[in-house]
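All residue numbers refer to positions in the sequence shown, counting from 1.
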Amino acid sequence: MAQKTSDSPDTDVIVVGAGFAGMYALHKFRGLGLRTQVLEAGNDVGGTWYWNRYPGARCDVPSVEYSYSFDKDLEQEWDWTEIMAAQPEILEYANHVADRFDLRKDIQFQTRVDSAVFDENSNRWTVVTDSGQTYTARFCVMATGCLSVPNTPRIDGQDNFAGSVYHTGNWPEGGVDFSDAAVGIIGTGSSGIQSIPVIAEQAKHLTVFQRTPNYTMPAANAPLKAEFLRQAKENYAAIRAEQRASQVGIVGYGFGFGGAENVVPTQEIKQTTPAERQRLVEEEGFLAIRRYADVALDEEANELACEMYRDQVERVIKDPATAQALMPRDYPMGCKRPVIDTNYYETFNRDNVTLVDLRQGGIEEITEAGVRTAQGDYAFDVLVYATGFDAMTGALGKIDIRGRENRALTEYWEAGPRTYLGLQIAGFPNLFTVTGPGSPSVLSNMIVSIEQHIDWIARCILDLDQRGAQTIEATTEAEDEWIAHVNDVAQNTMFTAKSCNSWYLGANITGKPRIFMPYVGGVGVYREKCDEVARNGYQGFELSA
Ligand code: FAD
Ligand code: NAP
């Protein structure tokens, strides 16, 4: 256990953020006897699921897998109702966990951390909040989220709009009443694709502004059957073991139980004939593409899959011009975060939905009445930005983080994020990032990755105390080697294809360096690497007495 020293820091650990990462961190560290203070900008727990309350928001990982594994009783007592849970249910789960483990007493809400500065004399972090409160702690754990800073693009005239404006990533707690409203929505990423069908059902009219058409697969979500839930609960130990050893932290448990089948891609699309591909897409629709393993690795194979995809769009969309506009071209399938949907394409067959293909003339300005594009003006009462996030580095960049010699993290990361294992940064002792750049993070079921990181950090803190070490810090050499490895494994995948512009690469934020941020090596391989590093006396880290 960390010893209380004579200069008595306020706490042993400051955790910033009370999403799933911060909540588990608090529970875990508390269990080790560490005095832990969590600081959270929002009014309550849940992070992503607290902020993203837009209509249609839901998880795309099977519910039984997108849940904590750290407490066997918790696993047994919580009943998920759908194969993939909707936002209200996930938020309810977060609240249940907070109540059950009495987390709120150590979380200060409505508190934004503005700065975190390391003092080399005392080896302590000083954290200052937006109300000017100061905390000191030996360790600082940044559980600030990878998708927690909404991105609202700068568009001329946007303050002139007379109606209401919302961002999917910062949705009002009481919801939005769209009945009788004409709505405009900008963005067709995951959030847009989830919300568009639901808003279209509620609103008088919906105008969708699409810059880049996406690839999306039908979710085939369904209620969870009691028998399935019973089986899942019985098998939880095996499910968790498999998740931890897997590529993305998902076993597929839940698929095949009334929902979409869990298909493991084993065939090669390049070995098929055009007639076979056409037959398959006719029989199985978009989902036919899932059977091919080479689509993720080979650009030629990928293009064949994209052709199948466009064929299916043409089949589903009634209006030929709208179908053309909805067809993704010019970039490979799998370069961006996969999207799954419920009734997305069918929505564009509705009479009250208009698609504006911005490739035919982009947004020029936002006016008092709506959006002016090179193709004409569109008027509405409510404007929704579904324009994503400053991902992975955004939240850290908003905090003035200073390590040794008062060096700013933003300066150290000017050319792109540098970490060792996505857990630590050279020159920033005792500061940990959770699911940081350089770890599987957003390429995985994030609860699996969150638990792995928090468990690793907890073990590390215990080990430091056992060795009598005050600080731990990644070395620059270990960081260099890890970054080279992260870049290496991302090469020759669709993620880094020349034509790919994704938020994984920072391409959605003007001026952000183009660096592929997450680690593609897989959750299982990565876990082994982290464990090996710890076993070998924290290889690549410097421990100071
Ligand atoms: P978050 O949940 O983002 O929590 C971070 C918290 O830190 C926030 O509450 C924020 O307010 C707080 N914070 C940030 N900066 C500060 C500061 N300076 N001071 C104080 N507080 C601060 N992942 C999956 O694996 N599967 C999914 O299906 C999935 N669906 C998603 C759907 C949406 C709409 C979004 C946006 C993300 C989704 N994700 C999904 C990713 C999701 O972010 C993670 O699964 C997970 O919830 C992240 O938890 P977290 O605690 O790391 O971060
Ligand atoms: P996103 O994927 O980054 O999509 C943003 C959309 O906004 C894109 O279509 C983008 O177009 C568009 N856009 C941005 N700026 C624009 C501008 N100036 N003019 C016109 N269009 C503009 O963001 P997101 O949809 O919020 O999703 C972010 C991530 O959150 C996801 O990838 C996923 O990890 C997570 N998420 C998951 C789920 C889920 O199903 N579980 C749901 C929601 C979110 P371009 O493509 O042309 O840039």
Side-chain angles (χ1 to χ4, degrees), residues 19 21 47-48 51-52 54 57 59-61 142 144-155 167-171 185-196 209-217 248 296 328 330-341 358 384-398 410 413-419 422 433-446 449-450 483 486-487 489-491 493-520:
T48 285
W51 296 106
N52 290 263
Y54 59 85
C59 192
D60 60 3
V61 172
M142 292 297 178
T144 44
C146 290
L147 295 159
S148 54
V149 175
N151 166 47
T152 305
R154 275 198 214 130
I155 301 175
H167 193 294
T168 50
N170 187 7
W171 204 257
I185 184 166
I186 302 176
T188 51
S190 302
S191 304
I193 287 175
Q194 282 189 334
S195 55
I196 284 164
F209 296 92
Q210 171 199 265
R211 190 165 65 183
T212 310
N214 228 317
Y215 299 97
T216 167
M217 293 281 166
V248 295
D330 311 328
Y331 73 97
M333 188 181 288
C335 104
K336 296 183 190 235
R337 164 71 156 71
V339 183
I340 64 175
D341 72 90
L358 296 174
V384 176
Y385 287 100
T387 44
F389 301 88
D390 184 354
M392 301 205 75
T393 56
L396 294 169
K398 279 194 168 297
T410 45
W413 280 8
E414 207 169 6
R418 293 178 49 87
T419 74
T433 49
V434 184
T435 63
S439 73
S441 182
V442 289
L443 297 180
S444 68
N445 171 352
M446 291 198 71
S449 292
I450 283 168
I483 293 165
V486 170
N487 288 334
V489 289
Q491 289 316 304
T493 66
M494 295 308 136
F495 294 122
T496 52
K498 267 207 192 96
S499 55
C500 183
N501 284 312
S502 67
W503 57 257
Y504 295 140
L505 287 157
N508 63 328
I509 302 293
T510 313
K512 198 163 168 170
R514 189 183 163 95
I515 304 276
F516 186 74
M517 293 183 280
Y519 176 56
V520 185

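- There is no side-chain donor-acceptor pair under 3.5 Å between S449 and T435.
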field: Derivation of the side-chain hydrogen bond (donor to acceptor under 3.5 Å, both in side chains) call for T188 and N214
entry: CA-CA 7 Å; T188 51; N214 228 317; 5.3 Å; no
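- The minimum heavy-atom distance linking W503 with R337 is given by the pair CZ2-CB, 4.2 Å.
- Looking at every heavy atom in both residues, A507 comes nearest to R514 through CB-NH1, 4.3 Å.
- A distance below 6.0 Å separates the ring centres of Y331 and Y215.
- In this model, no donor atom of one side chain and acceptor atom of the other lie less than 3.5 Å apart for T387 and N151.
- G416 and P513 make their closest contact through N-CG, 3.6 Å (heavy atoms, listed as atom of the first residue, atom of the second, distance).
- Nearest heavy atoms, V434 versus A21: CG1-CB, 3.8 Å.
- Looking at every heavy atom in both residues, W413 comes nearest to T393 through CZ3-CG2, 3.8 Å.
- Annotation: E414, atom CD; neighbour count of heavy atoms from other residues, nucleotides and ligands within 6.0 Å does not exceed 12.
- Between K398 and D390, no side-chain nitrogen of the basic residue sits less than 4.0 Å from a carboxylate oxygen of the acidic one, so the salt-bridge criterion is not met.
- In this structure, K336 is not positioned above the aromatic face of Y504 in the sense of NZ or CZ being under 6.0 Å from the six-membered ring centre and within 45° of the axis.
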